[in-house]
Amino acid sequence: MSASPVFIAAEVVEKFLKFPELIQQLERALANFSHGAEGGVVQPLRTIVPVAKYNGFLGVMPAYSAADDSLTTKVVTFYEGGTSSDLPSHQSTVLLFDPRNGILKAVIDGNVITDRRTAAVSAVATKLLKPALSEVLCILGSGAQARSHYEAFTEMFTFKEVRIWSRSRKNAEMFASSMKGAIRVCDSTREAVTGADVIITVTMATKPVLFGEWVKSGAHVNAVGACRPDWRELDDELMKSCVLYVDSREAASHESGDILQSGAAIFAELGEVVNGTKPALTEKTTVFKSLGMAIEDTVSAKLVFDSWSSSTESE
Ligand SMILES: NC(=O)c1ccc[n+]([C@@H]2O[C@H](COP(=O)([O-])OP(=O)(O)OC[C@H]3O[C@@H](n4cnc5c(N)ncnc54)[C@H](O)[C@@H]3O)[C@@H](O)[C@H]2O)c1
Ligand SMILES: O=C(O)[C@@H]1CCCCN1
């Protein structure tokens with residue numbers, strides 16, 4: 001009989017999933033993904049089950065990485081407007097299997113993985129696509145992803161000014177006072193975005209909050225929200241005028257409302273830029289449309305599991 005799976009809690013994931021290393025690992029995973037079969041990534045389009053009665057969704061995100069020899073599936077739920085004020089709007093668990101025999105080895109808290117791996121992938125996009133002189137960072141939204149993006153971006157880059165906008169000024173102020181470093185709280189999206197070199201949209205909006213007319217020419221946008229075909233964060237003007245990068249062409253053309261509804265053309269996958277098969281057009285206005293990929297969870301979960309295993313062996 002196989003041993004029972006271990007449970008790895010959020011505090012343990014926090015301890016082992018750290019930014020510079022996670023960013024490097026995910027850059028490699030993006031490259032493998034965009035190499036096709038040769039890259040050894042098996043990742044079907046995720047399954048999403050709408051729970052319409054409660055404005056919720058359940059997603060199942062399996063993947064295997066031959067390079068990491070890691071087999072996982074994430075199960076994630078997300079609720080429009082959250083379920084109640086004290087629950088996160090997104091809740092997830094990652095199941096890690098032994099790829100040799102299918103034994104379930106670990107059940108890992110997925111919330112920290114989701115927050116950090118998403119920010120890490122946006123950091124890869126920003127490293128490759130931001131304008132040469134990037135002084136002002138703007139974050140739209142003040143939830144879990146806003147926090148992980150702020151942490152990753154202030155660790156990896158140097159900005160002269162960081163701005164935040166949220167629907168309620170109180171939330172934006174709470175965000176600013178809970179993070180290390182100076183953050184300017186803005187009263188309107190337009191104020192936050194005007195003149196920004198790097199913009200991150202991390203909202204649960206279903207209609208555009210970021211408009212092309214406000215975006216500085218040459219800026220880079222990480223568009224992280226709007227993961228449903230009928231949800232938007234960016235307007236048509238921005239989508240049609242930018243050079244558009246995505247994590248996965250397949251996912252983007254099935255799930256992204258910003259792409260499907262605007263009819264914008266995809267220029268490249270981020271992994272193709274890492275591989276050098278598509279250029280990083282840093283002098284143009286660029287958008288990285290992130291939907292989130294299972295392979296990011298697979299690589300992150302392996303990192304956590306291996307670090308946890310080594311720490312228990314040395315005890
Ligand atoms: N691309 C990825 O890999 C990935 C991964 C996880 C989450 N996400 C997406 O990122 C977004 C943020 O996730 P989160 O975990 O931070 O959620 P969260 O619930 O913690 O925060 C959501 C933020 O959006 C704001 N918001 C809600 N409705 C809004 C509206 N109509 N207009 C403007 N702002 C609004 C909230 O006030 C809050 O500041 C979501 O859309 C989520 O689905 C993407
Ligand atoms: O990639 C993810 O983990 C999330 C799941 C929920 C919807 C947005 N993307």
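In each ligand, atom 1 is the first atom listed, and ligand 1 is the first ligand listed.
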Sub-3.5 Å N/O-N/O distance, F78 and ligand 1
no
Closest protein heavy atom to atom 15 (O) of ligand 1, given as residue, atom name and distance to 0.1 Å
H90 ND1, 3.6 Å
Any salt bridge between K180 and E151, counting N to O under 4.0 Å?
no
Can you tell me if T203 and E233 form a side-chain donor-acceptor pair at under 3.5 Å?
yes
For atom 44 (C) of ligand 1, what is the closest protein heavy atom, and at what distance to 0.1 Å?
V224 O, 3.0 Å
When you measure from atom 1 (N) of ligand 1 to every protein heavy atom, which one gives the shortest distance, and what is it?
S290 OG, 2.9 Å
Looking only at distance, does V209 have an N or O less than 3.5 Å from an N or O of ligand 1?
no
Considering only heavy atoms, which of R167, E233, K207 lies nearest to atom 27 (C) of ligand 1?
R167
Aromatic ring centroids of F267 and Y245 under 6.0 Å?
yes
Tell me: protein heavy atom nearest atom 31 (N) of ligand 1, and distance?
A205 CA, 3.5 Å
Considering non-hydrogen atoms of the protein only, which is the closest contact for atom 41 (O) of ligand 1, and what is the distance?
T203 O, 2.7 Å
Main-chain N/O of T77 paired to Q91 side chain as donor or acceptor, under 3.5 Å:
no
To the nearest 0.5 Å, atom CD of E135 lies from atom CG of D197 at 6.5 Å
Flag this pair as yes if the NZ/CZ of K105 is under 6.0 angstrom from the six-membered ring centre of F97 and inside a 45 degree cone about the axis; otherwise no.
no
List ligand 1 atoms under 4.0 Å from L291, heavy atoms only on the residue side.
1 (N), 2 (C), 3 (O)
Side chain, backbone, both or neither: which part of M293 comes within less than 4.0 Å of ligand 1 when only heavy atoms are counted?
neither
Got the closest protein heavy atom to atom 12 (C) of ligand 1, with its distance?
V202 O, 3.5 Å
Cluster partners of V136, using ILVMFWY side-chain heavy atoms under 4.5 angstrom, listed by chain and number?
none
R228/E255 salt bridge by N-O under 4.0 Å criterion:
no
N/O donor-acceptor pair under 3.5 Å between T285 side chain and G218 backbone
yes
Is the side chain of Q25 donor-acceptor paired with the backbone N or O of V299 at a distance under 3.5 Å, no angle test?
no
Pairs of nitrogen or oxygen atoms, one from ligand 2 and one from the protein, closer than 3.5 Å: please tabulate them with distances.
unit_1	atom_1	unit_2	atom_2	d
ligand 2	1 (O)	R46	NH1	3.1
ligand 2	1 (O)	R117	NH1	3.4
ligand 2	1 (O)	R117	NH2	2.9
ligand 2	1 (O)	L291	O	3.4
ligand 2	3 (O)	K74	NZ	2.6
ligand 2	3 (O)	R117	NH2	3.0
ligand 2	9 (N)	L291	O	3.1

Going by the closest heavy atom to atom 18 (P) of ligand 1, which one wins out of S166, S89, A146?
S89
Donor + acceptor pair across side chains of S290, N222 (<3.5 Å)
no
Around atom 39 (O) of ligand 1, find the nearest protein heavy atom and jot down its residue, atom name and distance.
S142 N, 2.9 Å
Sub-4.0 Å heavy-atom contact, N171 with ligand 1
no
Where is the nearest protein heavy atom to atom 13 (O) of ligand 1: which residue, which atom, and how far?
Q145 CG, 3.5 Å
Do ligand 1 and C227 have nitrogen or oxygen atoms that lie under 3.5 Å from each other?
no
Do side-chain atoms of D109 reach the backbone of V112 as a donor and acceptor pair under 3.5 angstrom?
yes
Establish, yes or no, whether a centroid distance under 6.0 Å links the rings of F78 and F57.
yes
Tested for salt bridge (Lys or Arg N to Asp or Glu O under 4.0 Å) against D297, the lone hit among R116, R117, K302, R46 is R117
